[in-house]
Amino acid sequence: MFLINCPYCGERDQQEFKAGGEAHIERPKQPTELSDDEWAEYLFMRKNIKGVQFERWNHAHGCRKWFNMVRDTSNDEIKAIYKMGEKPPSQ
Amino acid sequence: MRNKYSIFSLIKNAFSYHENWQKAWGDPEPKKEYDAIIIGGGGHGLATAYYLAKKHDMKNIAVVEKGWIGGGNTGRNTTIIRSNYLWDASAGLYDHALKIWENLSQELNYNVMFSQRGVMNLAHNLQDVRDLKRRTHANRLNGIDAVYLSTEEVKKFCPIINTSPDIRYPVLGGTLQRRAGTARHDAVAWGYARGADAMGVDIIQNCEVKGIKRNGDSVEGIETTKGFIKTKKIGVVAAGHSSVIANMAGLKLPLESKPLQALVSEPVKPIIDTVVMSNAVHAYVSQSDKGELVIGAGTDDYISYTQKGSHQIVEGTLNAILELYPIFSRMRMLRQWGGIVDICPDASPILSKTSIKGLYFNCGWGTGGFKATPGSGDLFAHTIANDEPHKLNAAFNLNRFVSGDLVDEHGAAAVAH
């Protein structure tokens with residue numbers, strides 16, 4: 001349980017948000033040309049990092065907008081929050 | 001040589017005030033090389049080492065553990081054992097484990113306090129009723145004992161449940177697996193450790209793995225806080241930290257690690273003599289031999305390795321518990337804790353070879369791995385020793401995420417997380 005600074009609504013309880021998993025996984029540009037291995041990589045394989053991780057969050061019980069977060073999963077400390085489409089901050 | 005535990009050894013040691021019991025396992029320094037190394041000294045890892053030594057005659061093996069044995073999810077779960085899974089592959093896997101549980105204390109000469117007190121799953125809406133009836137039929141076709149109970153039969157089996165029709169989620173029925181139950185979690189780790197150690201397995205505690213050394217497509221050994229150890233076979237049984245180890249080897253796994261919480265109440269006299277689980281309202285409860293109510297809560301939905309978990313998850317579970325068992329309303333909770341569970345997209349485990357020769361993974365048990373401990377160890381040992389899966393764990397390979405042949409147990413089992 002922690003507070004999240006929604007880029008649209010400000011600081012709110014984490015309970016209002018839905019975690020969307022690893023960020024910056026790009027949808028394949030030409031899905032018809034993908035092999036089964038490449039599909040598995042896109043759909044299922046995750047870094048699942050212990051440490052600083054880039055992830056997506058949705059303010060499900062608020063503005064319902066998606067945004068990105070940089071968070072340390074070993075202590076839940078939030079390092080940065082940025083909007084969809086913005087460049088991730090360099091670590 | 002290990003001394004056998006018996007009533008006679010108990011009496012004999014009583015004369016020396018129980019101060020001269022033989023150590024149950026040793027504390028060796030790592031050798032330079034092993035035939036196989038198991039990463040992770042929890043129940044599954046120790047069981048793997050035990051069966052490698054016992055059934056596959058691999059004696060020169062080691063279990064390396066970052067902390068102390070049984071200190072991870074083995075010591076953090078709610079100790080429920082059952083095999084009433086929907087799909088054939090899961091039924092085969094979990095019932096294999098249940099059959100080993102039934103004779104485990106005798107086999108290990110260590111009392112794992114396996115108690116077949118039954119597990120009851122409740123239905124709270126029409127879809128639950130249909131799903132549970134379907135699961136009962138599927139279980140019986142697979143030779144697993146299961147009965148469907150009416151609301152009255154549920155009440156009769158566990159009288160403290162509130163079966164009144166006017167509660168928010170009334171009890172419409174339930175299933176019962178009588179062979180299911182609980183066991184003492186620590187004893188499972190300790191019993192397997194003692195058994196493995198007696199056959200010459202080195203159990204190396206306080207030894208964290210820092211890297212996996214590869215030579216092209218095969219493994220050469222592991223870098224640890226106690227130095228480099230050479231080996232040709234590595235079995236990773238690291239639960240929530242499986243992805244961390246996989247990343248060391250340059251692999252990605254289809255896992256997400258999340259905190260799962262449990263809590264126990266103050267100890268009271270016997271009040272509930274079975275395990276009751278409810279998927280729809282997410283509440284499950286049993287009573288430990290010490291008298292504490294053992295309650296399982298849910299997972300947080302974000303990736304975290306903090307072993308804590310959020311307060312509202314506990315609150316939600318206790319709301320449901322109180323509606324179903326009004327008698328618990330004035331009980332106080334004693335302890336709460338979290339464990340990091342590695343969850344697969346299809347909520348089924350991975351017991352598999354990988355694209356790297358000599359590297360095997362036993363992971364993805366998610367929220368329900370304890371029950372499978374003996375079976376998982378047995379089948380994983382088979383997979384490592386033969387470099388081929390046993391027919392019971394063939395479906396739980398890593399390649400199913402490429403082929404699409406998933407074993408989708410999400411919600412089909414007992415408590416969906």
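Here is how names work: the chains are called A, B, and so on, in the same order as the sequence lines, proteins then strands, and each is numbered from 1. Because the structure is a prediction, the values reported are computed rather than measured.
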- Note on the structure: Rounded to the nearest 0.5 angstrom, the OG1-CD distance for B:Thr306 and A:Glu77 is 13.0 Å
- Message: Is it the case that over 12 heavy atoms from other parts of the model lie below 6.0 angstrom from the NZ atom of B:Lys210?
- Response: no
- Item | Qualifying residue, where the test is side chain to side chain contact (heavy atoms under 4.5 Å, CB included) with A:Asn48 and the options are B:Asn247, B:Val244, B:Ile303, B:Leu253 | B:Ile303
- Can you say whether B:Asp301 sits under 4.5 Å from chain A via the side chain, the backbone, both, or neither, judging by heavy atoms? both
- Roughly how far, to the nearest 0.5 Å, is the CG atom of A:Asp13 from the NE2 atom of B:His311? 11.0 Å
- Message: Measuring from atom CZ of A:Phe2 to atom OG of B:Ser310, what distance do you get when rounded to the nearest 0.5 angstrom?
- Response: 7.0 Å
- Residues B:Ser257, A:Lys50; criterion side chain to side chain contact (heavy atoms under 4.5 Å, CB included); working and verdict: CA-CA 9 Å; B:Ser257 295; A:Lys50 182 180 186 178; over 6 Å; no
- Query: A:Trp57 vs B:Tyr302 aromatic rings, parallel, tilted or perpendicular, using cut-offs 30° and 60°?
  - Reply: tilted
- Query: Taking the side chain as C-beta and beyond, is there a heavy-atom pair between B:Lys252 and A:Lys47 under 4.5 Å?
  - Reply: yes
- Item | Contacting moiety of A:Gln14, where chain B heavy atoms sit under 4.5 Å | side chain
- Query: Can you tell me how far the CZ atom of A:Phe44 sits from the CZ atom of B:Arg400, to the nearest 0.5 Å?
  - Reply: 9.5 Å
- Message: Can you give me the closest heavy-atom contact between B:Ser304 and A:Arg71, atom names plus distance?
- Response: CB-NH1, 4.3 Å
